[in-house]
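Worksheet for the structure shown next.
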Amino acid sequence: MMILKMKKEDLSVFLETVKEWGELWGPARKGERVVFQRVDGLSQMDLKATRTIIPPKKFLYPQRFTMFDFDDKGYVERTEHVPNRILFGIHPCDIHGIQVMDELFLEEYRDPYYAERREKTLLLGHSCIPDDKCMCSARDTEFIAEGFDLFFTDLKMFYLVWVGSSRGHDLVRMRPELFNRNIGRDDILNYNEYRKWKKAQVQSGADFTGMPDIFELGYNSPIWDELAEKCLSCGQCTMVCPTCNCFNVVDEVELGTVEGTRDRFWDSCMFREYSLVAGGHNFRDKRVERLKLWYTHKLQAYISEFGEPSCVGCGRCVATCPVDINVVTVTKALREQEVGK
Amino acid sequence: MSSPRVGIYGFTGCAGDQLMILNCEDRLIDLFGAVDILSFAMAKSDNKDEELDVAFVEGSISTEEQLEHLKNIRSRAKVLVAIGTCACWGGPQAMKLEEGGFEKRYKGVYGDAKIAVSKALEAQPVDAFVKVELKIPGCPIDKTEFLSAVSKIVAGRHPYFYKFPVCTECKWKENLCILLEGKFCAGPLTKAGCGAVCPSHNIPCVGCWGPTDDLNVGAEYKLLIEKGYSPEEVTRKITKFSGAEVAKLMKGLELKDMEAKK
Amino acid sequence: MKRLHVILDDREVDENPYQPDLWRIVRRYPLTSDVNFYQARAVDVDKTLTMDYLPGQFVMGSVLGEGEAPFSISSTPSRPGLLELCVRKMGTLTETLFSLKENQTIGIRGPYGNGFPIDKMEGKDVLIIAGGLGAAPLRSLLLYVLDNRDKFGKLVYLHGARTPGDMLFREEFMQLKEREDLECLLTVDKDDTGSWTERTGVVTSLFDEMGPIDAANTYAAVCGPPVIYKFVIQHLVKLNIPKHQILMTLERRMKCGIGKCGHCAIEYLYTCMDGPVFTYWDVLHMKELIGKGVSDNVIA
Amino acid sequence: MKTLEVVPLARVEGDGGITVTLDGKKVKSVTLDVHEGPRLIEQLVKGMTPEDDINVVPRICAICTLSHKYAAIRGLEKALAIDPPEKAQLMRDLMMLGENVESNSLHTFLLALPDFLGYPSAIAMLNDYGDDVKRALRLKKFGNYVMEVTSGRIVHGENPGLGGFGKYPSKKQLSDISLRSKELLPDAVRAVELFSSIEYSEYSEVDTTFMSVNAPNEQFGLAGDSILISNGNETSADDYKKLTSERVVPHSFAKRSKFNERPFTVGANARMINMGKRLDGQAADLFKENYSDRWLRNPLLNNLAQTIEIVWALEHMPETTEKIAALDDPARAEATRTTGSGTGAVEAPRGILYHHYEVKEGLIEVADIITPTAQNLDDIEVHLKACAERMLAEGKKDEELLLPLEMIARAYDPCISCATHLVNLKRV
Ligand SMILES: Cc1cc2nc3c(=O)[nH]c(=O)nc-3n(C[C@H](O)[C@H](O)[C@H](O)COP(=O)(O)OP(=O)(O)OC[C@H]3O[C@@H](n4cnc5c(N)ncnc54)[C@H](O)[C@@H]3O)c2cc1C
Ligand code: SF4
Ligand code: SF4
Ligand code: SF4
């Protein structure tokens with residue numbers, strides 16, 4: 001991997017330059033919330049913000065979009081014009097999240113809608129300042145070694161810039177004079193300090209060790225019922241989670257014809273309709289079964305299959321659930337067999 | 001495809017759903033072209049009472065005369081679609097349906113005066129009296145949802161509506177959750193379809209789409225009590241638009257216990 | 001995180017896996033009061049001929065403007081040229097599908113799912129137990145074994161329906177009874193016609209009637225409504241058929257059929273990709289696979 | 001004795017009808033009946049918080065939704081001594097302009113015009129008057145757009161609240177409104193021309209009294225704290241009860257109002273009669289060109305008044321949006337007390353709407369809502385009767401009466417849902 005150095009004041013110029021490649025998007029403040037938005041330049045971004053409400057998944061599979069136009073001659077893929085986009089300011093956990101989604105959408109039966117957007121999106125990561133909700137160190141996602149095109153680590157005086165792909169390198173080549181290859185002893189020490197600092201920041205107390213077994217043992221534990229009694233079935237947790245990918249598909253028709261579109265939109269396993277099959281049988285009729293599915297899928301099943309949970313520790317469920325059900329409280333409750341206040 | 005014969009009727013409500021049909025300005029002319037509108041008293045005068053493929057009924061039923069008319073419409077219509085929260089769930093005028101006390105409220109307004117046009121009933125949703133094949137809720141209905149449903153019906157297909165709560169659309173729009181600020185929001189209890197307009201304007205959802213398919217009234221109730229609302233206020237707030245229905249759901253809950261626990 | 005190289009670089013020109021092709025309904029007739037039989041041929045003739053599938057696999061069937069749902073393939077790959085589906089009228093999509101006439105088109109994509117492990121089953125005895133609509137995927141297996149009769153050992157087909165009128169492919173199966181090379185036993189819960197010549201009783205009662213089997217050398221395939229699994233499996237376990245040789249095809253909600261939409265997920269498995277055919281061993285350690293009743297009950 | 005009925009009264013909002021009872025060739029009575037069931041909204045909001053009230057009361061009527069919202073806000077802000085920021089006030093003006101354009105174009109073109117031109121509906125006019133119908137739909141859509149931008153939704157938007165708005169529109173949306181209001185002005189002027197070219201029949205002409213709010217600063221406007229009466233008097237809106245003494249009649253779930261024992265008119269014509277002199281721009285010219293003392297007698301001219309009002313509303317949007325755009329988004333003004341009472345009066349498209357509240361310790365004790373249609377009902381009956389009598393005297397056949405009567409009732413743009421939720425006299 002190529003690592004370069006860049007002066008902090010050059011970032012703005014650099015971003016100005018790369019806008020030639022595509023639209024620039026980054027975390028921007030809208031009132032009290034932070035969302036990924038199209039921006040003109042660095043000045044409109046808030047690089048100190050810890051997390052956006054929705055992760056960058058919205059760029060790769062939008063909340064709702066059209067898959068096909070159809071008429072009685074058949075289904076025609078809607079190749080909507082997806083613009084070239086540069087997402088600046090993505091944090092390591094979200095890049096980890098995108099990697100999980102890449103595996104799902106790009107391997108067997110590659111999803112052309114995802115692939116198209118992924119292809120046209122450059123990921124320019126940025127180091128972050130964790131808050132009390134972040135769990136990245138418990139998940140080993142506080143740093144990232146791949147999966148981005150460029151990654152900027154802010155070392156106060158300058159940036160260290162990881163070049164993660166050939167397309168990232170092309171961006172660097174647009175303004176080679178802004179980058180410096182000479183990394184010295186101080187830089188290495190500096191970086192090491194930064195790593196220590198970052199690890200120390202994360203205080204959520206999340207602990208995912210031993211989860212597959214603890215889930216298995218606690219499968220029938222009453223704590224699930226207690227959690228389900230509190231759960232609003234609002235689905236917010238799944239909408240904000242970077243590794244939730246479920247979707248539903250419906251056909252819409254044009255007035256007076258059978259022509260129309262096949263649309264796809266985010267769905268959630270927290271909803272009753274999710275597992276309902278024809279004839280009214282529901283495999284997860286009870287809220288508790290649905291809650292259990294979500295957590296089992298993220299924290300047990302994924303570990304059994306891939307050796308790691310699919311949770312990337314971004315803290316969004318912690319920041320979002322109005323009744324405090326999230327990976328931290330659920331794992332803690334399972335471990336201690338008690339639902340915390 | 002011969003165009004379906006349609007009637008649009010209004011009972012007690014604000015006429016907002018019929019108005020929303022007229023508000024489909026860009027599609028109004030297409031709409032009148034795709035279906036054969038035999039009756040739509042709010043928009044035309046040559047109305048006919050004939051056999052219908054689809055009757056759209058707005059408003060709750062609140063007089064005996066209306067009830068007779070509704071039954072007559074039902075007997076002529078193959079499919080009866082309730083449009084708007086009043087027709088689907090009773091609307092604001094039905095918020096105290098489960099509580100009783102209609103006589104007293106009625107007297108509070110009309111005193112002992114005799115009204116001869118018809119006998120008043122406490123407002124109830126359309127399906128309290130006749131079979132309803134489809135409900136298109138909303139206060140008022142949403143243009144997109146309405147046109148989607150009508151287009152499907154005309155094409156001989158089944159309409160589809162979101163089965164999840166307002167919160168889902170609210171998150172799609174990337175709003176901060178109002179409940180987290182300790183303030184009331186009916187989003188988790190309310191059917192989606194409006195695009196979460198209110199929370200997107202920093203205003204709590206008031207529940208005007210009526211109850212969603214799978215709601216946890218008890219959890220919401222408990223949460224709001226914890227945030228310092230009084231039980232009366234929570235009840236009033238969550239029964240405002242579809243009181244009858246939500247009140248039914250609340251019946252099994254040991255609300256008093258919850259308060260005691262607090 | 002597992003090291004992943006985004007597969008963007010080697011962009012082969014993939015087809016859109018969600019894209020349905022148009023197929024023409026060439027024949028359509030009722031099998032029972034609520035099940036229709038459809039024979040279809042792709043509008044693009046090559047597609048019909050190149051559609052290669054295994055018994056137990058399914059397709060995603062679309063009706064314009066209504067949506068898409070999974071249907072098991074009832075025909076056998078050993079008789080190419082036509083795709084056969086049995087559809088029960090259950091809800092929105094199936095109702096609209098019923099309104100379509102011969103010569104109209106539907107959308108089809110697939111085949112999907114793992115199908116029955118034919119390779120492993122070859123040389124073994126095959127015991128098929130179908131309940132109700134479960135006959136739809138199992139007919140494919142049955143016809144396949146019959147068409148490749150010499151590659152398999154003994155063949156037993158057990159089929160139960162509520163009433164004679166509810167029995168799918170009744171005439172077809174009655175004719176099979178004439179054949180020497182399989183044992184075909186049919187039963188109904190209740191005979192409301194008075195002219196039923198076969199057995200009455202639940203499908204498990206047929207176990208007592210069938211001839212002896214060589215359990216260790218037998219593959220059993222079961223499909224039917226959720227209730228029958230529990231009882232059928234109890235019998236199969238009692239017969240000592242190895243758990244990994246008990247095959248069952250399961251139903252889940254599916255929106256994509258290709259492991260993306262999430263609906264059919266059970267722990268880390270996707271019914272559409274890792275199933276719909278599962279072994280009883282899978283079911284035993286995947287608690288959600290069949291539902292509490294079955295797994296709890298049969299552990300002992 | 002013979003009874004003629006028009007049931008349902010078409011192309012009005014809500015479920016109503018007209019009954020004419022004839023005794024030989026004499027008109028025994030003419031009644032405008034309201035079949036729409038009672039809703040008892042004022043009883044239901046009792047005990048609610050003011051915030052909850054303003055969610056519910058706009059649901060009295062979809063066409064006047066923002067008028068109800070605004071009247072309630074005005075009443076409750078007085079009761080709770082809330083002093084809203086300037087930007088919020090301007091937004092309220094803008095939303096009322098939007099509602100006025102929407103409702104007036106809906107009423108004049110889609111509901112009233114077909115009668116004058118001899119069609120059953122606006123859609124039926126498409127072949128012969130396609131341009132006019134499309135023009136009307138454009139105006140209506142634009143009115144809806146202004147309502148959507150200001151209130152959050154086309155109908156029953158929750159954005160306007162006590163002390164301010166949840167969210168203020170972007171500069172882009174505001175300049176859009178300004179631009180489009182200018183573009184659409186010719187459409188509105190054409191509407192005035194069309195309605196001034198119609199020959200309005202004289203059958204129903206009767207002298208009556210007109211009431212409207214007195215908009216502040218000698219301007220034409222849609223809200224005010226006092227009421228102008230066409231006899232030259234002015235009364236504070238707080239004394240609304242003196243202006244609208246009410247009673248219940250057997251043929252209606254809507255209550256009736258009289259002033260000094262006599263019926264009176266509210267609506268666009270009342271506004272023009274009382275405040276027309278204050279108009280400016282093209283609206284002023286059009287008013288001068290078209291105004292005559294027939295306006296004081298003939299309710300059909302309300303249609304013409306409504307079209308002139310559309311011109312006025314469009315002309316005032318650019319200025320209003322510019323002022324809004326120039327101000328920063330303010331925080332919401334808070335209540336400074338929890339007990340008090342107040343009356344809000346606004347001009348709904350069809351006339352004065354009063355919302356009176358008494359709030360005690362943060363909860364509503366009394367709500368009293370008087371809608372324009374309730375105020376107009378008696379007046380409508382007077383004009384209906386005059387028309388019936390004159391037509392019969394001229395020897396017209398009974399059946400010929402029906403259409404002219406319908407047209408009169410419709411000219412008031414009656415909002416039957418508004419009228420039925422009705423007024424609470426008693427204080428419980
Ligand atoms: C692998 C597999 C094979 C199947 N094979 C057959 C078959 O051969 N014949 C047959 O009649 N049926 C079969 N089914 C069931 C069939 O898919 C459902 O009956 C059908 O989806 C009902 O759709 P509907 O719109 O009519 O019902 P509705 O209840 O109206 O369904 C509404 C929505 O739910 C979804 N849905 C409902 N039930 C199911 C379900 N079981 N699986 C997936 N999605 C569902 C549909 O996509 C539909 O959009 C199979 C299911 C699976 C999973
Ligand atoms: S866990 Fe929390 S966020 Fe998720 S559905 Fe339940 S209440 Fe909503
Ligand atoms: S603000 Fe309201 S609608 Fe939005 S997520 Fe929170 S509770 Fe749901
Ligand atoms: S957010 Fe709630 S109150 Fe607002 S429009 Fe939607 S359903 Fe109605």
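Lettering follows sequence order; numbering is per chain, from 1.
Between atom CZ of residue B:R236 and atom OG1 of residue D:T49 there is a gap of 6.5 Å, rounded to the nearest 0.5 Å. Here the NE2-OG1 distance, from D:H156 to B:T85, works out to 9.5 Å after rounding to the nearest 0.5 Å. The structure places CG of D:D52 at 3.5 Å from NZ of B:K237, a figure rounded to the nearest 0.5 Å. Between the CE atom in B:M20 and the CD1 atom in D:I154 there is a gap of 4.5 Å [rounded to 0.5 Å]. A distance of 10.0 Å separates CG of B:N23 from CD of D:E148, quoted to the nearest 0.5 Å. Rounded to the nearest 0.5 angstrom, B:L19 CG and D:T65 OG1 are separated by 9.5 Å.
Sparse packing is recorded around CD of D:E361, with 12 or fewer heavy atoms of other residues, nucleotides or ligands lying under 6.0 Å away.
A side chain to side chain donor-acceptor pair (under 3.5 Å) check over residues 194-203 of chain B, counting only residues at least two apart or in different chains, returns the pairs B:N175-B:S200.
Partners of B:E181 by side chain to side chain donor-acceptor pair (under 3.5 Å), not counting sequence neighbours, listed by chain and number: B:K183. Partners of D:N55 according to the side chain to side chain donor-acceptor pair (under 3.5 Å) rule, which considers only residues two or more places apart in sequence or in another chain, are B:K240, D:E158.
Across D:G157, D:A124, D:P58, D:G47, the residue that shares the most heavy-atom pairs under 4.5 angstrom with chain B is D:G47.
Looking at every heavy atom in both residues, B:P92 comes nearest to D:R59 through CG-CB, 4.1 Å. In terms of heavy atoms, B:G16 sits closest to D:A62 at CA-CB, 3.0 Å.
For B:L22, the parts sitting under 4.5 Å from any heavy atom of chain D are the backbone and the side chain alike.
In this structure, the side chain of D:R153 does not engage the main chain of B:V197 through any donor-acceptor pair within 3.5 Å.
Residues of residues 134-146 of chain D lying under 4.5 angstrom from chain B, judged on non-hydrogen atoms, are D:K134, D:L137, D:K140, D:K141, D:N144 in numerical order.
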